[in-house]
There are 2 protein chains.
Amino acid sequence: MADFSIPLGYSFAGLAAGLKGEGLPDLGVIFSDRPATAAAMFTRNRVQGAPLQVGREHLAAGAIRAVVVNSKNSNVATGPQGVENCRRVCRSAAAELGLVETEVFPSSTGVIGRQLPVEKLTSALAGVQSAQRSDSAAVERFAAAILTTDTRIKIRSRAVAGGTVLGVAKGAGMIEPNMATMLAYILTDLELPAGDLKPLLAAAVDDSFHCATIDSDTSTSDTVLLLANGASGKKISTADERAAFEAALRAICVELAREVVRDGEGVQRIITVRTTGALSKEQARMVGKSAANSPLVKTAVAGADPNWGRLMMAVGKTFDETIQADRVRLWGVDPADGREVDLMSDDEAVLAELRRLMRGSEVIFRIDLGLGSAACEVWGCDLTKEYISINADYTT
Amino acid sequence: MADFSIPLGYSFAGLAAGLKGEGLPDLGVIFSDRPATAAAMFTRNRVQGAPLQVGREHLAAGAIRAVVVNSKNSNVATGPQGVENCRRVCRSAAAELGLVETEVFPSSTGVIGRQLPVEKLTSALAGVQSAQRSDSAAVERFAAAILTTDTRIKIRSRAVAGGTVLGVAKGAGMIEPNMATMLAYILTDLELPAGDLKPLLAAAVDDSFHCATIDSDTSTSDTVLLLANGASGKKISTADERAAFEAALRAICVELAREVVRDGEGVQRIITVRTTGALSKEQARMVGKSAANSPLVKTAVAGADPNWGRLMMAVGKTFDETIQADRVRLWGVDPADGREVDLMSDDEAVLAELRRLMRGSEVIFRIDLGLGSAACEVWGCDLTKEYISINADYTT
């Protein structure tokens, strides 16, 4: 059932360290059989996890050979002991895999403020060599090990320029990525210079994870990592190859970002907000985020309530002084055929049509600001009682 | 049961125009037997209701003699017809009360995007003269007429400097006031020059409604109006009197703002966030708002889940670069005795104590940024399934 391809030179494991419960995978490992150039983007939250500090140090030290990710505990707000615990896990993985400590890139996701159970993690890592595989099942075990409240694994791939790009992500709550998403790992067997990776990744993330929001809460652990190990023997050299790689990378990031939202906590419907007629892409994104994050828009979508006035409220609460209320127009968009319905009316037929559109699994609004020609699409989700059930007793 | 005092020279009515259903009060009127100096603050939302445009014009024209407020329909996003409808209601009230049109201050609250049912309102206004009273029951009928999803009326008063100050407010959703709250009317029979009213009101609102949030959605209709008709024969002239009036005005605004939050949609617990050690009051308010508006903090409080890590996340997601994660400290505060519990621990005893504090009707957190000496207190509320029930089918 796997409909993804695996780049050459990488192997995967999903180990059971006992954090999620007996035998459940909760410790994911990616291993590259040769050094990979690497670039990463991290959360802009001013409170950041210990693995983000250690990961930055290891990226600065040079090539990456392995990624080690545990779920259930994010190792955030754990002080100097949290940093030392993260280093101990990296050292343990390096010893098992025959690497040096700085070749291991660490991540952790889960509850904030608890010390990492290091012994459980290092015990599980003792079995990593024998567990590593390069098949689809191993990728899926890795993808499962990094999940928290997600309900399904998130994997996408593209063949490009004689090589392969594979992306694996997780994230289901505390999601309004800012500089990165919860956790996403993108691997390619193409060869790319380290200096090229960062701008390519930044552009792709800006058009994907930065347009997604589940609950407006920006995590302390958001990380997107891109590794290029060159195992395919193909090197990205021409402008055409670079453009093709960039497109593949962006497509994978967009699909993973939308998949993260679709699997958001308690999500019943995803909300796509297309903002057009803006003065800049940033303005369009700000308006789209304001609508997609508004509790009143989200609950209206949950209830398929055709209360389009809440979209007007959300446009206005950006407090952007260039926005002119009398230029704003709103449409509902039918996902089936792209047909648009002008919403600014109290006609019963319009409300009935909007109600019908809002009963679908994807609800699409277009907001036109009537100011310029810039646009941006933002993906959010409805706010349901299930989100509250999931989050009202997360730690207990 | 009324525990408020009524300033001299004002009378009140709560008329039934048939907007809420047969016989229910939905059209509130305040009348002053002499011209009152007036000041108002309005929402900063870039989309604003027709009554806000007309209200600004009438304030600019001079003294105010009457306030006319309907619920169920906010007259927002209704174009030129909405403005004309608002003027028709003002003209009708002026004719019934023997005033000129610009002496009437209009407000509307309710659903956005529907034209005002003007005939129903003008028909009801035909009975206003005979309905106006200066007793407690009339004030309570006025307070009831302006409610939407609120569950109770909100009235506060203070005796000060030989006169009386009375405040009446409403608001239960779409509440993160910015420059004003949903609707609040503050009346005094003291005499104050028109030029003094605005700075006094601005200072009181900044310390009260601007520190309250129910759902981070800023309404298109927020209005706070202050009227001073001088009917007590007392004039605020000395610095002491001015200070006493300022304190009374602030106290009423704070009590009304907290009461608005306490009666917020689906609210089970109110959340008070005291931010200390900030570089400025604005920084402290921003941090407090970030915590009080975080869906993950709000759901944790709903479930009495001692997940203090979410407060750390909320501090960090302000993206304020002056904030240093390792200087941030968190406390839970016992409302009974003010005792503080240091939360940054994974000790079971601390978590148990926090769980106990979170089961109360008011949950108080203190966040110290360790940067300076400024502070601000913000009032928010938990996010419950009831909020979603109320908002998933508001118009239908």
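The structure presented is a predicted model; accordingly, all values stated were derived computationally and were not measured. We name chains A, B, ... by the order of the sequence lines, and we start the count at 1 in each one. Computed from heavy atoms alone, side chains included, the values below leave out hydrogens, waters and symmetry copies.
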* Top contributor to chain A interface from B:Asp382, B:Val301, B:Asp346 [non-hydrogen pairs under 4.5 Å] -> B:Asp346
* Count the heavy atoms of every other residue, nucleotide or ligand shown that sit under 6.0 Å from CZ of B:Arg56, and state whether that count exceeds 12. => yes
* Structure fact -> Taken to the nearest 0.5 Å, the spacing of A:Ile388 CD1 from B:Thr384 OG1 works out to 6.0 Å
* Mind checking what makes side chain to side chain donor-acceptor pair (under 3.5 Å) contact with B:Thr322, not counting sequence neighbours? -> B:Gln283, B:Asp320
* Structure fact -> Sorted by chain and number, sequence neighbours left out, side chain to side chain contact (heavy atoms under 4.5 Å, CB included) with A:Ala314 holds for A:Ser290, A:Ala291, A:Ser294, A:Val297
* **Side chain A:Asn45, main chain B:Phe319, donor-acceptor under 3.5 Å** => no
* With a 4.5 angstrom heavy-atom cut-off, could you sort out which part of B:Leu351 is near chain A: side chain, backbone, both or neither? => side chain
* To do: Test A:Ser389 against B:Lys385 for side chain to side chain donor-acceptor pair (under 3.5 Å), laying out the working first.
  => CA-CA 8 Å; A:Ser389 295; B:Lys385 294 179 183 178; 2.7 Å; yes
* Asked: Quick check: does any side chain N or O of A:Asn391 sit under 3.5 Å from a backbone N or O of B:Ala300, one acting as donor and the other as acceptor?
  -> no
* Asked: What are the two closest heavy atoms between A:Arg46 and B:Ala325, and how far apart are they?
  -> O-CB, 3.5 Å
* Asked: Run the side chain to side chain contact (heavy atoms under 4.5 Å, CB included) check on A:Met313 and B:Ile112 step by step: do they pass?
  -> CA-CA 9 Å; A:Met313 176 279 300; B:Ile112 295 172; 4.2 Å; yes
* **Max heavy-atom pair count under 4.5 Å with chain A, selected residue of B:Gln115, B:Lys298, B:Glu321** => B:Glu321
* Taking A:Pro295, A:Gly113, A:Ser74 one by one, which has the highest count of heavy-atom pairs under 4.5 Å against chain B? -> A:Pro295
